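Treat the numbers as computed from the prediction; the structure is a model and nothing was measured. Each ligand, and each atom within it, is numbered from 1 in the order the structure gives.
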Amino acid sequence: MSLEKVTGIVLETRDIGEADSLVVVLLETGLKENFLLKGIRKSKRREIVAKEIANLISLVYYHKKNKEVFSIKEISVVNRFEQLKSSYYGFLITNAMIELVNKFIPKNLEQKKIFELLHQALHSLNELGTSPLSLPFFKLRLLQNLGYAPKDFECMYCSQNIFEKRQAFIRSTSFEINCVDCGSVPENHLDILYVMKKMTYVNYKTLITETISENLLNQLDLILNQFIHFQLGFELKSLALLSQLQKSF
Ligand SMILES: [Zn+2]
């Protein structure tokens, strides 16, 4: 057994027994691990804050090979992303990003890129504020990193650049794209595909300075949600809450 020091983002916390907590953390190495925090609910506020979801934390823990749960010796908060969590909308977006990452990445699989994506997203939204672009951008980048969503925008049949075609369609259950010459186009998605391409190749900070119609962003978000729902087999609570909120605007 050895003492290890790591940094990670809190994905989930669960109370265990009288005073202990189980904390699920996505480590900077990209591994998702479970940690046991003994006596935390009886202890000081600083430590209670340390297990709040979406916090970037620093941990010293007892490492042992092939263990399912590691015991924490020390825990501290590196960044709470307080600005982001201070608004209701920001809080909901944060929850949604965390829930997506937690549900999509399995244990025992190194996902360093996903840690970097999540870390960068929390950092950017904390600094720059949220916009209607924030969540669809994150969802698309996450699904691309996991290999589900396309980075090349071409017809799956003729392999031609989709933007040279008059019309195109993207299936929300598979992200397969077809042009009007090769298959049916129940709805023309060229505008949405163009937004997806921008989100793939332009960084967030630059993209929020451009004008993208909110209607297009909502349509893209709907397609992304349908894929996520289909892929996981259930609806994410945080996403359902956000779409209810959008409808009430
Ligand atoms: Zn085609």
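In this structure, the side chain of K32 engages the main chain of N102 through a donor-acceptor pair within 3.5 Å. For the pair N126 (side chain) and L84 (backbone), a donor-acceptor distance under 3.5 Å is present.
Ring pair Y61/H63 is perpendicular by interplanar angle, where above 60° counts as perpendicular and below 30° as parallel. Aromatic ring orientation, F153 versus F163: tilted (interplanar angle from 30° to 60°).
Around the Zn ion (ligand 1), protein atoms of type N, O or S found under 2.8 Å number 4.
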Next on the checklist: Pair V77, E82 - check side chain to side chain contact (heavy atoms under 4.5 Å, CB included), show working.
Outcome noted: CA-CA 12 Å; V77 181; E82 232 160 337; over 6 Å; no

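A side-chain contact (heavy atoms from CB on, under 4.5 Å) with F169 is found for exactly one of N188, V185, V180, namely V185.
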